[in-house]
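Please read the structure below before turning to the comments.
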Amino acid sequence: MSPRLGVVVVNYRSHDLLPANLGGIDLSALPGSRVVVVDNLSTEAERADVQRVGAAHGWDVVLAPGNLGFGSGVNLGAQHALAAGCDVLLIINPDATIGSADLVGLVREVAADPGLVLAPRIERPDGRVWFRGAELDLLAGRTRATEAPAPGAMPWLTGACLVVHRDTWLAAAGMDDDYFMYWEDVDLSRRLLDVGARLEVRHDVVAVHSVGGSQESVGEAGRTKSRMYYYYNCRNRLLFAARHLPRRQALRWTLSSPAYAKSVVLRGGRRQLLASRAPLTGAVAGTLAGAREVLRAGATREATP
């Protein structure tokens, strides 16, 4: 029997991207599959547009009660797809697409081997590599792109395009709702590994990611990353440490947070700092919020008999 695929897409102000990217994926080779679009509430006009696009393509549109964030939106869509009987999930960004034949190959491979979690090589529209594999240095608390994770480093797969079997997804309990955005795929990868899953990148399969503008805003210095980008990148790094690392190691990550926050701020370039203090205030606020998570987790562990 052919596996039934559930395609899960989280929309936030991006309905115009869906027809070109999602609409081009042919699922006819996987009968019984369905597309689930979760709309994280932004405006009523956007919500109406998502429903219109969904109806035109025969997609299931799930209306979130608010802006739940990426991980919670994925969980909501996955719950809908699994309840409909889907065997395999494709999690994909609204600004990404993958060839139908390539997708069918990934889905059939995961269906035959439920412990396997796959991601394709992901490129930008101009052919530059956006994702080819990644690792988390558990000592330094830094992520980096690599096709071959170093000994002792944790491999992780991006949530921009990910294929996972329902049994493995349920065993890992899906994404952690507390991340809102950024690092939720690193956290998911850790929990997938914890339940015995194998994470692999298929370099012979290519998805295309247009890298949308959700991380950016327009100001006097041009396009800059949003304050949320800095806040959640700094906060969620330490949230991961609080959730998964021994207390002493989590504290080491906390002590290295100023250097990490500086590196995150500089991702947006120095010019943006001339126009706005948002990158600095976002990074500082996120670091402090993350440090509180580390201290709270440490106190909880000490209080547990």
Side-chain angles (χ1 to χ4, degrees), residues 10-17 20-21 40 42-43 46 67 69-71 73 92-97 121-137 140-146 156 158-161 179-187 207-241 253-294:
V10 177
N11 175 76
Y12 184 76
R13 297 181 177 177
S14 54
H15 77 274
D16 54 323
L17 301 175
N21 292 315
N40 269 335
S42 56
T43 66
E46 171 70 12
N67 181 10
F70 178 71
I92 189 167
N93 278 10
D95 54 4
T97 190
R121 175 186 174 93
I122 303 177
E123 297 179 353
R124 296 173 184 265
D126 61 6
R128 288 180 296 151
V129 175
W130 185 81
F131 180 81
R132 57 187 174 90
E135 69 177 15
L136 170 63
D137 184 333
R142 299 287 186 119
T143 60
R144 63 177 64 90
T146 179
W156 62 275
T158 175
C161 188
Y179 282 80
F180 192 76
M181 60 192 302
Y182 308 121
W183 279 78
E184 65 281 289
D185 45 9
V186 182
D187 177 273
V208 178
H209 186 205
S210 298
V211 190
S214 60
Q215 299 175 2
E216 300 178 333
S217 59
V218 178
E220 295 178 4
R223 297 197 71 83
T224 62
K225 295 181 183 297
S226 71
R227 185 179 186 275
M228 294 175 70
Y229 175 89
Y230 301 103
Y231 176 88
Y232 281 109
N233 263 293
C234 293
R235 182 252 193 185
N236 288 351
R237 170 181 178 263
L238 294 180
L239 178 60
F240 178 93
W253 280 34
T254 305
L255 292 175
S256 67
S257 289
Y260 178 80
K262 179 180 178 181
S263 71
V264 171
V265 169
L266 291 179
R267 292 175 191 172
R270 297 180 183 274
R271 284 190 60 207
Q272 64 176 334
L273 301 177
L274 300 176
S276 171
R277 296 179 61 84
L280 291 175
T281 60
V284 170
T287 299
L288 292 175
R292 286 193 292 270
E293 294 289 344
V294 170

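Heavy-atom basis, side chains included; hydrogens, waters and symmetry copies ignored.
Of the possible donor and acceptor atoms, none in the side chain of Asp95 sits under 3.5 Å from a partner among the backbone N and O of Leu17. Panel note: side chain Asp137, backbone Ala140; a donor-acceptor pair is recorded below 3.5 Å. For the pair Asp187 (side chain) and Phe240 (backbone), a donor-acceptor distance under 3.5 Å is absent. No donor-acceptor pair closer than 3.5 Å links the side chain of Asn67 to the backbone N or O of Asn40.
Asn11 pairs by the side chain to side chain donor-acceptor pair (under 3.5 Å) definition with Ser14, Asp39, Glu46, not counting sequence neighbours. In this view, Arg128 and Asp126 satisfy the salt bridge (Lys or Arg N to Asp or Glu O under 4.0 Å) rule, not counting sequence neighbours. Applying the salt bridge (Lys or Arg N to Asp or Glu O under 4.0 Å) criterion to Arg142, with sequence neighbours excluded, gives no partner residue.
Expressed to the nearest 0.5 Å, how far CH2 of Trp156 lies from OG1 of Thr143 amounts to 5.5 Å. How far CZ of Arg292 is from CZ of Arg235: 9.5 Å, rounded to the nearest 0.5 Å. Going from atom CZ of Arg227 over to atom OH of Tyr231 covers 8.0 Å, rounded to the nearest 0.5 Å.
Arg124 is not listed as a side-chain neighbour of Val208, based on a closest heavy-atom distance of 4.5 Å or more. Contact of the Tyr260 side chain with the Thr287 side chain is not registered, since no non-hydrogen atoms from C-beta on lie closer than 4.5 Å. Within the 4.5 Å cutoff, side-chain heavy atoms of Val129 are placed close to those of Arg121. Inter-residue side-chain proximity for Gln272 and Pro279 is flagged as met; some heavy-atom pair is nearer than 4.5 Å. Between Trp130 and Glu123, every side-chain heavy-atom pair lies at or beyond the 4.5 Å cut-off.
For the 3.5 Å distance criterion, the side chains of Arg267 and Tyr230 fail to qualify, holding no donor opposite an acceptor. Thr254 and Arg237 share no donor-acceptor pair across their side chains, judged by distance under 3.5 Å alone.
Arg132 approaches Ala145 most closely through the heavy-atom pair NH2-O, 3.7 Å. Residues Ala96 and Asn21 approach most closely at O-CB, 3.3 Å, considering heavy atoms. Listed here is the closest heavy atom pair of Cys161 and Ile122: CB-CD1, 4.0 Å. Between Val10 and Gly73, the shortest heavy-atom distance links the atoms CG2-C, 3.5 Å.
Remark: aromatic rings of Tyr229 and Tyr182 are close, center separation under 6.0 Å. Not less than 6.0 angstrom separates the ring centroid of Phe180 from the ring centroid of Phe70.
With Asn236 as reference, Leu239 is the one residue of Leu239, Leu238, Asn233 to meet the side-chain contact (heavy atoms from CB on, under 4.5 Å) rule.
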